[in-house]
Q: 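Before I ask anything, here is the structure I am working with.
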Protein chains: 2
Amino acid sequence: MTPKIIQGKKAKDDTVNNPKVRNPKRGRGRPLVFDRAAALQAAMKLFWERGYEGTSFDELIDAMGISASSFYNSFDSKEALYCEATSSYLDWAGQWFLAILNDPSIDTKTAFAHLLAATADEFTRGDHPLGCMISLAGTHCSPGMKNIREMMVEHRAFSESVMADRMRRGVANGDVPPATDCDMLAAYYSAVVRGMAVQARDGAPREKLGKIGRLAMQAWPQRSAEH
Amino acid sequence: MTPKIIQGKKAKDDTVNNPKVRNPKRGRGRPLVFDRAAALQAAMKLFWERGYEGTSFDELIDAMGISASSFYNSFDSKEALYCEATSSYLDWAGQWFLAILNDPSIDTKTAFAHLLAATADEFTRGDHPLGCMISLAGTHCSPGMKNIREMMVEHRAFSESVMADRMRRGVANGDVPPATDCDMLAAYYSAVVRGMAVQARDGAPREKLGKIGRLAMQAWPQRSAEH
DNA sequence: GGAATTTTGGAGCGATGACACCAAAAATAA
DNA sequence: TTATTTTTGGTGTCATCGCTCCAAAATTCC
C-alpha cells in the first residue's frame with residue numbers, strides 16, 4: 001500500500017533506521033515503560049483528527065502517555081512520527097481497500113461499488129476519527145511542510161494508481177469496456193472519495209456517504225466507450 | 001452567497017463593527033498609507049494557498065505590506081482577518097457560481113454541467129492559488145480553531161443548499177425528474193467539487209478536472225427516479 | 001497656529017512550539 | 001558486585017507565535 005516514503009529527517013542512530021528502536025524486546029539497559037505500538041496508534045488518531053499543524057508536541061506526548069525524553073528516545077521528531085503514523089494508517093486502511101479491489105469473487109464494477117460502500121462505512125465509524133488521514137492532508141500548508149505535503153500528494157496519487165490498475169485488469173478480463181480511460185475513471189473515483197472525506201469531517205451520516213457512493217457509480221462506463 | 005457569519009471576536013471599536021475602519025475616505029487624523037482592499041486581497045491569497053494555521057502573522061503583514069501597528073489599527077485579529085478574507089473570497093467565487101446557477105437561458109442539467117466546467121477552470125487558473133479557499137479548510141484542526149471550523153462547515157453546507165435549491169427549481173420547472181432526491185444529488189456534486197479541489201491542489205491540470213466533472217454528470221437523473 | 005484625532009514605527013511581551021541536555025534509574029553482562 | 005547499556009524525569013533553550021504599548025508623525029477642525 002505504501003509508496004516511496006519521503007522522510008523528513010534521517011534517523012540519527014543509523015544502527016536501526018526505521019523505526020527507531022534500540023531495545024526491541026529484551027535487551028540490555030532500562031526497559032521501555034510504554035507500549036510503542038500503542039503510543040503510535042494514539043499519535044495517529046490525534047494527527048488524523050487534528051492534522052499535522054493542529055497537533056502540538058505537548059498534546060502528542062500527553063496522548064501517548066510519555067515524557068518528552070521518552071519520546072525522543074523512541075522517535076526522531078514530530079515529522080518522523082507523522083510519517084510513521086501515516087504508514088500505520090495505511091497498513092490499516094490498505095487492508096480493506098486492497099481486499100475489496102483484489103476480491104476474486106466479484107467483477108470490477110462490483111468491486112468499486114463495494115469500495116465506495118466500505119469507504120462510507122469506514123469514514124463514519126465511531127471507534128476512530130471521522131474521514132480519512134490521507135485524503136485532505138497537506139493540501140494547504142506552509143512552505144516549511146514541503147516534505148509532508150509531497151508525501152501526502154504521493155500517497156493520494158498511489159491510491160489513485162491502484163484503482164486505475166484494477167480497472168485495467170477489468171479491461172483485460174473483459175468486464176470493463178475496452179475503450180475506458182482507466183486513468184480518468186480512477187481520478188474521478190479518487191475525487192469522489194476525497195469529497196466523501198470532506199462530507200464525513202463535516203458530520204455527514206453514513207447513509208449520506210453511501211448514497212453519494214451509489215450516485216458516483218452511475219458514471220461507470222456502459223458497453224460503449226466514454227472519454 | 002454568504003451565510004450567517006461566525007466571528008471570532010467582537011470588534012473592540014463598536015462605532016464601526018464590520019469591517020473595522022475608522023478613517024474610511026478622508027477623515028481627521030493621519031491617513032492610511034496602504035490600500036485596505038489590496039491588503040485584504042493579499043491576505044486572502046496567502047490564506048488560500050497556505051491555510052489558516054499555515055500562515056503566520058509575520059508572513060501576513062509582509063504580504064500585505066504593512067506593519068503590525070498598521071495591521072491592528074485596521075483589523076482586529078488574525079482570526080477576524082481570516083473571516084474577512086473568506087467573505088472576500090466568497091464575494092468573488094459567488095459571482096461565477098451563482099451566475100451559472102441562475103442563468104435563465106439554460107436548463108438545470110446544463111447549468112450543473114457548466115458549473116463543473118467552470119469549477120475546473122477556476123480551480124486551475126494561473127492568477128490565483130490552485131483549488132478553493134473553502135472546500136478543504138478547517139477539516140482537520142485543533143480544538144482552538146472551533147470558530148473557524150464551524151464557519152467553514154457552514155459555508156460548505158450553504159453552497160450545497162444553493163445547489164439543492166437550484167435542483168428543486170428544476171423539478172418545479174419540469175426539467176428535472178420529480179422523484180429526484182435534490183438534497184442527495186446536491187451532496188454528491190458538492191463532494192465532487194471538494195474532490196476536484198484536492199486534485200487541483202495536487203497539481204492536476206485543467207483538462208483532468210474537466211473530465212472528472214463530465215464523468216460526474218453521468219449521475220444526473222434520467223426520466224425515471226433514482227434514490 | 002493650535003488642538004484634536006488617527007495612523008505609524010519600533011520595541012517588546014507572555015505564551016507556546018519543538019527540542020536538547022544531563023544526571024539518576026533500571027535493566028543485563030561479566 | 002561491578003561495569004555497561006539504555007531509558008527516564010526534570011529542566012533549560014531558542015525561535016516563533018499572535019499581539020500590545022507608546023511616543024512620534026500626519027492629517028483635519030477651529
Side-chain angles (χ1 to χ4, degrees), chain A residues 8-9 11-13 15-16 19-36 39 43 46-47 50-83 141-145 147-148, chain B residues 8-9 11-13 15-16 19-36 39 43 46-47 50-83 141-145 147-148:
Chain A
K9 284 183 178 180
K12 283 174 281 186
D13 182 4
T15 59
V16 182
K20 174 183 184 179
V21 55
R22 272 174 283 206
N23 204 357
K25 275 281 184 178
R26 192 132 286 257
R28 337 123 82 91
R30 185 170 173 171
L32 280 177
V33 79
F34 66 97
D35 179 351
R36 196 180 186 281
L46 207 58
F47 278 135
R50 305 185 180 181
Y52 181 78
E53 291 176 297
T55 309
S56 78
F57 181 78
D58 285 352
E59 291 168 334
L60 271 174
I61 61 176
D62 192 56
M64 298 166 87
I66 62 179
S67 69
S69 303
S70 297
F71 177 86
Y72 283 105
N73 183 57
S74 285
F75 305 94
D76 278 327
S77 65
K78 183 188 171 189
E79 188 171 330
L81 174 69
Y82 187 76
C83 290
C141 52
S142 77
M145 282 183 55
N147 284 338
I148 286 182
Chain B
K9 285 182 176 180
K12 283 174 282 186
D13 182 3
T15 59
V16 181
K20 173 183 184 178
V21 54
R22 272 174 283 204
N23 205 355
K25 276 280 183 177
R26 192 133 286 259
R28 339 129 79 87
R30 186 170 173 171
L32 280 177
V33 79
F34 66 97
D35 179 351
R36 195 181 186 281
L46 208 59
F47 278 136
R50 306 185 180 181
Y52 181 78
E53 291 175 299
T55 308
S56 77
F57 180 79
D58 286 351
E59 290 168 334
L60 272 174
I61 62 176
D62 192 57
M64 298 165 87
I66 62 179
S67 69
S69 303
S70 296
F71 177 87
Y72 283 104
N73 184 56
S74 286
F75 305 93
D76 277 327
S77 64
K78 184 188 172 189
E79 188 172 330
L81 174 68
Y82 187 76
C83 290
C141 52
S142 76
M145 284 182 51
N147 284 339
I148 287 183

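Values reported hereafter were calculated over all heavy atoms of this structure, with side chains retained and with hydrogens, waters and symmetry mates removed. Labels below follow one simple rule: chain letters A, B, ... track the order of the sequence lines, proteins then strands, and each chain is numbered from 1.
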Q: For nucleotides 21-25 of chain D, give me every protein contact, N/O to N/O, under 3.5 Å, one pair per line with atom names.
A:
| from | atom 1 | to | atom 2 | distance (Å) |
| --- | --- | --- | --- | --- |
| D/dA25 | N3 | B/R30 | NH1 | 3.4 |

Q: Search all heavy atoms of A/C141 against all heavy atoms of A/E53 and return the closest pair with its distance.
A: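 Smallest interatomic distance, heavy atoms only, reads CB-OE1, 4.0 Å.
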
Q: Taking side-chain hydrogen bond (donor to acceptor under 3.5 Å, both in side chains) as the definition, give me every residue that meets it alongside B/S67, ordered by chain and number, with sequence neighbours left out.
A: B/S70

Q: Below 4.0 angstrom from OP1 or OP2 of D/dT16, is there any side-chain N or O of B/S56?
A: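 So the side-chain polar atoms of B/S56 never come under 4.0 Å of the phosphate oxygens OP1 or OP2 of D/dT16.
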
Q: Between C/dT5, D/dT27, D/dC19, which one does the side chain of B/P31 approach most closely?
A: D/dT27

Q: Nearest heavy-atom pair of B/E59 and B/L46: which atoms, and what distance?
A: O-CD2, 3.6 Å

Q: Return the value, rounded to whole Å, for the distance between atom CE of A/M145 and atom P of C/dA18.
A: 12 Å

Q: For B/S142, what residues pass the side-chain hydrogen bond (donor to acceptor under 3.5 Å, both in side chains) criterion, not counting sequence neighbours?
A: none

Q: Side chain of A/F57: nearest nucleotide among D/dG18, C/dA26, C/dA18?
A: C/dA18

Q: Using only side-chain N and O atoms of B/S70, determine if any of them is under 4.0 Å from OP1 or OP2 of C/dT8.
A: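 For C/dT8, OP1 or OP2 has a side-chain N or O of B/S70 closer than 4.0 Å.
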
Q: Could you state the interatomic distance from CG (A/L60) to CZ (A/F71), rounded to the nearest 0.5 Å?
A: 6.5 Å

Q: Checking contacts here: which listed nucleotide (D/dT28, D/dC17, C/dT8) is nearest the side-chain heavy atoms of B/D58?
A: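 Within the option list, the nearest is D/dC17.
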
Q: Could you walk me through whether B/M64 and B/F75 pass the side-chain contact (heavy atoms from CB on, under 4.5 Å) check?
A: CA-CA 12 Å; B/M64 298 165 87; B/F75 305 93; 3.6 Å; yes

Q: Can you figure out which of D/dG9, C/dC19, C/dT8 approaches the side chain of A/S67 most closely?
A: D/dG9

